[in-house]
Amino acid sequence: ALSDALQKLQGLEQDFAAASQKPLADQPLADLRAGYERVAATPNLTEMAKRIAESRLATLKFRADARDQLAADAAARAANMGKLTAQQAEHDEIRQNLKRAEMTLYAVVGVVRPSSLQVARTPIYRVTDPQDGRTLAYVWGTDPKVAAGEGRFVGVRGSVKTDPRFNFKVVTPTAVDPIDPANLNVAYAAETVPPSLQPKGATATTVTPEQ
């Protein structure tokens with residue numbers, strides 16, 4: 001079922017993050033790959049979930065290839081220590097390629113603008129479409145980087161909930177990063193993307209913008 005697949009994807013994302021903290025040789029790449037393949041094969045999977053699964057599969061394949069290459073290099077280095085300098089340079093290149101292959105995922109991306117809303121003296125900001133200023137989500141101003149990002153295009157990571165007091169989507173931020181919108185869907189992906197930056201045929205949920 002679609003709901004089961006989305007729940008599985010959330011668990012895989014947690015496992016992926018935990019695995020990424022381990023040395024490459026200790027990462028359960030085969031198990032993660034099998035999990036993401038099952039999610040990707042789910043009928044009627046949302047476009048965002050499909051994009052995440054495909055991105056992770058590409059990264060896992062890259063990591064598996066890199067791990068095999070590193071193992072082969074280690075064996076060659078043991079056989080011929082004279083090649084150590086050249087092999088170290090190759091290792092560094094592989095690690096740099098691995099870093100570039102990672103896609104950063106955000107809850108929402110857009111331009112930070114002030115909001116007239118306030119709860120218990122906690123300021124709230126809007127993340128908006130850079131083209132028309134429509135609100136994509138609200139963000140609690142609990143992180144100084146939210147206010148510092150005002151007027152800039154940012155990616156916001158954190159938990160997303162619909163606040164029952166106001167019936168709108170609010171992000172509790174764990175990270176706020178200035179990003180280049182030109183790299184969206186290349187270096188970055190997001191659950192909520194400005195309609196003006198989405199591929200043709202895609203849709204996004206927005207809330208009524210403040211006047």
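Predicted model only: the values in this text are computed from it and were never measured. These numbers come from the heavy atoms of this one structure, side chains and all, not from hydrogens, waters or symmetry mates.
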Determine the interplanar angle of the Y106 and Y188 rings, folded into 0 to 90°, and report it as parallel if under 30°, tilted if 30 to 60°, perpendicular if over 60°.
tilted
Is any side-chain heavy atom of I52 closer than 4.5 Å to a side-chain heavy atom of R56?
yes
Does the side chain of E13 reach to within under 4.5 Å of the side chain of Y36, using non-hydrogen atoms?
yes
Any chance the side chains of Q69 and D65 put a donor and an acceptor closer than 3.5 Å?
no
All heavy atoms of P130 vs all of R113, minimum pair found to be O-NH2, 4.2 Å
For M48 and A190, which heavy atoms make the closest approach, and how far apart are they?
SD-O, 2.8 Å
Can you give each donor-acceptor pair under 3.5 Å made by side-chain atoms of residues 144-158, sequence neighbours left out, with the distance rounded to 0.1 Å?
from: R157; atom 1: NH2; to: D177; atom 2: OD2; distance (Å): 3.1

S20 to Q27 - nearest heavy-atom pair and separation
CA-NE2, 4.1 Å
Side-chain contact test, heavy atoms from C-beta onward, threshold under 4.5 Å: evaluate it for Y138 versus V127 and give yes or no.
no
Give the minimum heavy-atom separation between D129 and S196, together with the two atoms involved.
OD1-OG, 2.6 Å
What heavy-atom pair brings L32 and A19 nearest, and what distance separates the two atoms?
CD1-CB, 3.9 Å
Distance-only criterion, 3.5 Å: show the donor-acceptor pairs between side-chain atoms of residues 38-46 and protein atoms not counting sequence neighbours.
from: T42; atom 1: OG1; to: R38; atom 2: O; distance (Å): 3.3
from: T42; atom 1: OG1; to: V39; atom 2: O; distance (Å): 3.0
from: T46; atom 1: OG1; to: A49; atom 2: N; distance (Å): 3.2

Any side-chain heavy-atom pair of V160 and K169 under 4.5 Å:
yes
Minimal heavy-atom distance between P123 and Y125, with the atoms involved, is CB-CE1, 4.1 Å
